[in-house]
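Count residues from 1 along the sequence.
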Amino acid sequence: MSTITLYRPVGTEELKLIEASGWKAFPPRLPEQPIFYPVTNEAYAAQIARDWNAVHNDDKRGYVTRFAVSASFLAGFDKKVVGSREHEEYWIPAEDLPLFNAAIEGQIEVVETVVGDAATSSEGSTR
């Protein structure tokens, strides 16, 4: 089966819920969050983790997750560019998140941790 690698910046609370799923699923969206936004490249996810999660979350931490999703599932959704060319993401309606989670191949992994204005990859290198 063909897959597409996607990324998602998350905060600590969302990461705990991902871990509780066995690293297999993203948690349901809150009522005021009608869309789930996985992004298409690690640099964009890191930018969000740095500029949003590590600034606005109480613990000043953000995480970049990486995961593979069935290409045939994603074919039903358009990619959106929400800024410059590298700001590309999928818009998955919240009601489709269980189907999205079922289309994840393998596990969700953390590839970068951002603390305040510093970033470290899971391999320990500094960005």
Side-chain angles (χ1 to χ4, degrees):
M1 174 183 291
S2 177
T3 61
I4 296 173
T5 299
L6 295 176
Y7 301 86
R8 171 123 176 110
V10 300
T12 302
E13 294 305 312
E14 189 172 357
L15 186 65
K16 287 177 184 176
L17 295 171
I18 294 166
E19 182 179 19
S21 78
W23 302 99
K24 296 283 190 184
F26 290 93
R29 304 299 285 157
L30 299 173
E32 66 274 11
Q33 300 171 322
I35 304 290
F36 177 74
Y37 304 95
V39 304
T40 63
N41 65 80
E42 188 173 347
Y44 179 31
Q47 178 186 10
I48 297 167
R50 181 188 66 243
D51 296 349
W52 177 258
N53 299 104
V55 172
H56 297 286
N57 290 338
D58 289 339
D59 66 357
K60 302 299 184 205
R61 292 185 176 273
Y63 304 89
V64 175
T65 62
R66 177 175 59 203
F67 50 96
V69 178
S70 162
S72 62
F73 175 81
L74 286 175
F77 299 91
D78 292 328
K79 287 186 266 185
K80 309 284 186 181
V81 176
V82 294
S84 59
R85 188 172 57 215
E86 66 273 1
H87 297 138
E88 188 175 60
E89 56 195 30
Y90 283 91
W91 290 10
I92 310 296
E95 61 268 16
D96 291 337
L97 186 55
L99 297 172
F100 180 90
N101 283 331
I104 294 174
E105 299 289 327
Q107 293 190 311
I108 299 165
E109 61 181 326
V110 175
V111 295
E112 186 170 342
T113 299
V114 179
V115 180
D117 62 350
T120 0
S121 74
S122 60
E123 292 81 27
S125 63
T126 302
R127 280 191 126 164

For residues [X] and [Y], report the shortest heavy-atom separation together with the two atoms involved.
{"X": "I35", "Y": "P93", "answer": "CD1-CA, 4.2 Å"}
{"X": "R50", "Y": "V55", "answer": "O-CG2, 3.6 Å"}
{"X": "N53", "Y": "P9", "answer": "OD1-CB, 3.8 Å"}
{"X": "L97", "Y": "P28", "answer": "CD2-CA, 4.0 Å"}
{"X": "S72", "Y": "S70", "answer": "OG-OG, 2.9 Å"}
{"X": "A46", "Y": "E112", "answer": "CB-OE1, 3.7 Å"}

Original post:
What pairs meet the side chain to side chain donor-acceptor pair (under 3.5 Å) rule with one or both residues in residues 88-97, with sequence neighbours excluded?
Top reply: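 Sorted pair list: T40-E88, Y44-E89, E89-W91.
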Just verifying a value: how many Å separate [X] [atom1] and [Y] [atom2], rounded to the nearest 0.5 Å?
{"X": "L6", "Y": "K79", "atom1": "CG", "atom2": "NZ", "result": "9.0 Å"}
{"X": "I48", "Y": "Y7", "atom1": "CD1", "atom2": "OH", "result": "13.5 Å"}
{"X": "I18", "Y": "Q107", "atom1": "CD1", "atom2": "CD", "result": "12.0 Å"}
{"X": "I104", "Y": "T3", "atom1": "CD1", "atom2": "OG1", "result": "11.5 Å"}
{"X": "S2", "Y": "L74", "atom1": "OG", "atom2": "CG", "result": "10.0 Å"}
{"X": "K24", "Y": "I108", "atom1": "NZ", "atom2": "CD1", "result": "9.0 Å"}

Original post:
Is there a path of hydrophobic side-chain contacts, each under 4.5 Å between heavy atoms of I, L, V, M, F, W or Y residues, that connects W52 with V39?
Top reply: yes
Subject >> Pairs flagged by salt bridge (Lys or Arg N to Asp or Glu O under 4.0 Å) wherever residues 9-18 is involved - sequence neighbours left out >> reply: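 Salt bridge (Lys or Arg N to Asp or Glu O under 4.0 Å) check on residues 9-18 returns R8-E14, E13-K16.
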Subject >> All ring-ring contact (aromatic ring centres under 6.0 Å, His included) counterparts of W23, not counting sequence neighbours >> reply: none
Subject >> ring-ring contact (aromatic ring centres under 6.0 Å, His included) against F26, all qualifying residues, sequence neighbours excluded >> reply: F36, F67
Original post:
Considering residues at least two apart in sequence or located in another chain, which fulfil the side-chain contact (heavy atoms from CB on, under 4.5 Å) criterion with S84?
Top reply: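 Counting only residues at least two positions away or on another chain, S84 forms a side-chain contact (heavy atoms from CB on, under 4.5 Å) with E86, H87.
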**OP:** Would you please name every residue forming a salt bridge (Lys or Arg N to Asp or Glu O under 4.0 Å) with E19, sequence neighbours left out?
**Re:** none
**OP:** Could you tell me whether the side chain of K60 and the main chain of A54 form a donor-acceptor pair under 3.5 Å?
**Re:** no
**OP:** Dump the intermediate steps for side chain to side chain contact (heavy atoms under 4.5 Å, CB included) on L15 and V110, then the final yes or no.
**Re:** CA-CA 9 Å; L15 186 65; V110 175; 3.6 Å; yes
**OP:** Using a cut-off of 6.0 Å, state whether more than 12 heavy atoms not belonging to R29 lie near its atom CZ.
**Re:** yes
